[in-house]
Amino acid sequence: MPQIPIITLPDEKTLREVSRPVAQVDAGVRRLWDDMLETMYRAPGIGLAAIQVGVPQRLLVIDLSKDGEEKKPLFVANPEIVWSSPAQSDYEEGCLSIPEYYEMVTRPSEIRIRYRDRQGEPMELHATGLMSTCLQHEIDHLNGVLFIDHISRLKRERVLKKFQKAQKLGKL
Ligand code: ZN
């Protein structure tokens, strides 16, 4: 399975695109999921949206299993958040498109989503803890939203500048 290059800052143009739903979960979608999963494992990361590899389709892969544990990939197509808890939690988030930058983000603690699974079947999932955070982070990607949009403007501008400067210096 080939790995696909992950788009990182300061290339915001692609990352800001709103992704389209897939008409159906077919062999092409499953192949893309497999390539995304391989790319995410190698990075390594726990979640990846298709737009991060340049494909504007509403597709995610997530795997929260720890090193050495059995892999538990979750394949998600066309996710929709149908309920969010009023209670919120803070998690320190990172993103494969914003390497080596971590910041606390506040989001609803629990969510319920509807999506299509690897067989194209409609599914519902009630997510808590890290799964809830990860799903909200990845679904944001499908809407062109990055986790740095949830932090202060000052911090966001600082991180964007850092990546622009690194690119200018040829360090990316
Ligand atoms: Zn991300």
Side-chain angles (χ1 to χ4, degrees), residues 4-25 28-30 32-33 35-37 39-40 43 45-64 73-99 101-118 120 122-160 163-164:
I4 326 172
I6 296 174
I7 296 167
T8 59
L9 289 184
D11 178 10
E12 262 192 279
K13 194 175 166 291
T14 306
L15 294 173
R16 293 302 184 182
E17 275 182 50
V18 177
S19 299
R20 293 181 307 270
V22 292
Q24 57 178 10
V25 175
V29 165
R30 282 189 282 270
L32 175 61
W33 265 332
D35 292 345
M36 286 167 61
L37 193 68
T39 302
M40 183 187 85
I46 58 172
L48 190 70
I51 193 64
Q52 292 179 275
V53 293
V55 181
Q57 295 186 337
R58 301 186 83 82
L59 298 171
L60 313 175
V61 290
I62 289 178
D63 193 335
L64 303 183
L74 177 69
F75 300 97
V76 176
N78 302 347
E80 273 180 81
I81 297 176
V82 293
W83 175 81
S84 306
S85 68
Q88 302 204 309
S89 322
D90 297 333
Y91 259 101
E92 188 174 60
E93 296 190 22
C95 181
L96 293 176
S97 294
I98 312 174
Y101 183 75
Y102 304 90
E103 193 57 65
M104 292 300 274
V105 177
T106 306
R107 299 181 186 270
S109 309
E110 302 184 16
I111 57 164
R112 176 169 283 275
I113 65 160
R114 285 201 192 115
Y115 67 102
R116 298 268 165 179
D117 73 1
R118 201 173 160 91
M123 304 289 284
E124 267 200 35
L125 174 69
H126 184 101
T128 63
L130 182 57
M131 181 57 94
S132 170
T133 293
C134 191
L135 275 168
Q136 291 176 71
H137 175 121
E138 299 309 329
I139 291 169
D140 268 356
H141 274 301
L142 304 182
N143 298 319
V145 174
L146 301 172
F147 86 90
I148 53 171
D149 299 339
H150 295 284
I151 64 178
S152 75
R153 201 176 76 181
L154 188 72
K155 283 180 180 168
R156 180 167 60 252
E157 283 171 359
R158 205 181 291 151
V159 67
L160 286 170
F163 280 94
Q164 281 158 2

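Computed from heavy atoms alone, side chains included, the values below leave out hydrogens, waters and symmetry copies. We count residues from 1, following the sequence as given.
- Shortest non-hydrogen contact noted between M40 and I46 is SD-C, 3.5 Å.
- Nearest heavy atoms, L59 versus M36: O-CE, 3.7 Å.
- Going from atom CD of E138 over to atom CG of L60 covers 6.0 Å, rounded to the nearest 0.5 Å.
- Under the salt bridge (Lys or Arg N to Asp or Glu O under 4.0 Å) criterion, R16 pairs with E12, D149, not counting sequence neighbours.
- For R156 (side chain) and I151 (main-chain N/O), a donor-acceptor pair under 3.5 Å exists by modelled atom type.
- Every residue meeting the side chain to side chain contact (heavy atoms under 4.5 Å, CB included) condition with D11, not counting sequence neighbours, appears here in chain and number order: I7, K13, T14.
- In terms of the side chain to side chain donor-acceptor pair (under 3.5 Å) criterion, residue partners of S109 (sequence neighbours excluded) are, by chain and number, S89.
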Q. For D35 and V53, what are the C-alpha separation, side-chain angles and deciding distance, and is it a side chain to side chain contact (heavy atoms under 4.5 Å, CB included)?
A. CA-CA 10 Å; D35 292 345; V53 293; over 6 Å; no

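- Qualifying ring pair (Phe, Tyr, Trp, His ring centres under 6.0 Å) partners for Y115, counting only residues two or more places apart in sequence or in other chains: none.
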**Q.** Audit row: I4, L32, side chain to side chain contact (heavy atoms under 4.5 Å, CB included) steps and yes/no
**A.** CA-CA 10 Å; I4 326 172; L32 175 61; 4.1 Å; yes

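- With sequence neighbours excluded, no residue forms a side chain to side chain donor-acceptor pair (under 3.5 Å) with R30.
- Rounding to the nearest 0.5 Å gives a distance of 12.0 Å between CZ of R153 and CG of L160.
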Q: I would like to know whether I6 and L48 meet side chain to side chain contact (heavy atoms under 4.5 Å, CB included); could you show each step before the answer?
A: CA-CA 9 Å; I6 296 174; L48 190 70; 4.3 Å; yes

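- Atom OG1 of residue T39 and atom CG of residue L96 lie 9.5 Å apart, to the nearest 0.5 angstrom.
- Contact between H126 and W83 at its shortest, heavy atoms only, is CE1-CZ3, 3.5 Å.
- Residues forming a salt bridge (Lys or Arg N to Asp or Glu O under 4.0 Å) with E17 (at least two apart in sequence, or on another chain): none.
- The minimum heavy-atom distance between S19 and I51, with the atom names listed, is OG-CB, 3.8 Å.
- Atoms CD and CD, on Q164 and E157 in that order, are 10.0 Å from each other to the nearest 0.5 Å.
- Taking 4.5 Å as the limit, every side-chain heavy atom of I148 sits out of range of all side-chain heavy atoms of E103.
- Shortest non-hydrogen contact noted between L142 and P79 is CD1-CG, 3.6 Å.
- With sequence neighbours left out, D140 forms a side chain to side chain donor-acceptor pair (under 3.5 Å) with R107, H150.
- In this view, Q24 and D26 satisfy the side chain to side chain contact (heavy atoms under 4.5 Å, CB included) rule, not counting sequence neighbours.
- Rounded to the nearest 0.5 Å, atoms OG1 (T8) and CG (L15) are 8.0 Å apart.
- Looking at residues two or more places apart in sequence or on another chain, you find a ring pair (Phe, Tyr, Trp, His ring centres under 6.0 Å) between H137 and H141, F147.
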Q: Step by step, work out the side chain to side chain contact (heavy atoms under 4.5 Å, CB included) result for L125 and L135.
A: CA-CA 10 Å; L125 174 69; L135 275 168; 3.8 Å; yes

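- With sequence neighbours excluded, the residues that form a side chain to side chain donor-acceptor pair (under 3.5 Å) with T106 are D90.
- Put simply, CD on Q52 and CD1 on I98 are 8.5 Å apart, with the number rounded to the nearest 0.5 Å.
- Side-chain atoms of Y101 and C95, non-hydrogen and from C-beta on, never get closer than 4.5 Å to each other.
- Between T133 and Y91, the shortest heavy-atom contact is OG1-CD1, 2.9 Å.
- The side chain to side chain contact (heavy atoms under 4.5 Å, CB included) search around N78 returns P21, V22, R58, not counting sequence neighbours.
- In this structure, the side chain to side chain contact (heavy atoms under 4.5 Å, CB included) partners of P73, at least two apart in sequence or on a different chain, are L37, Y41, D63, K71, F75.
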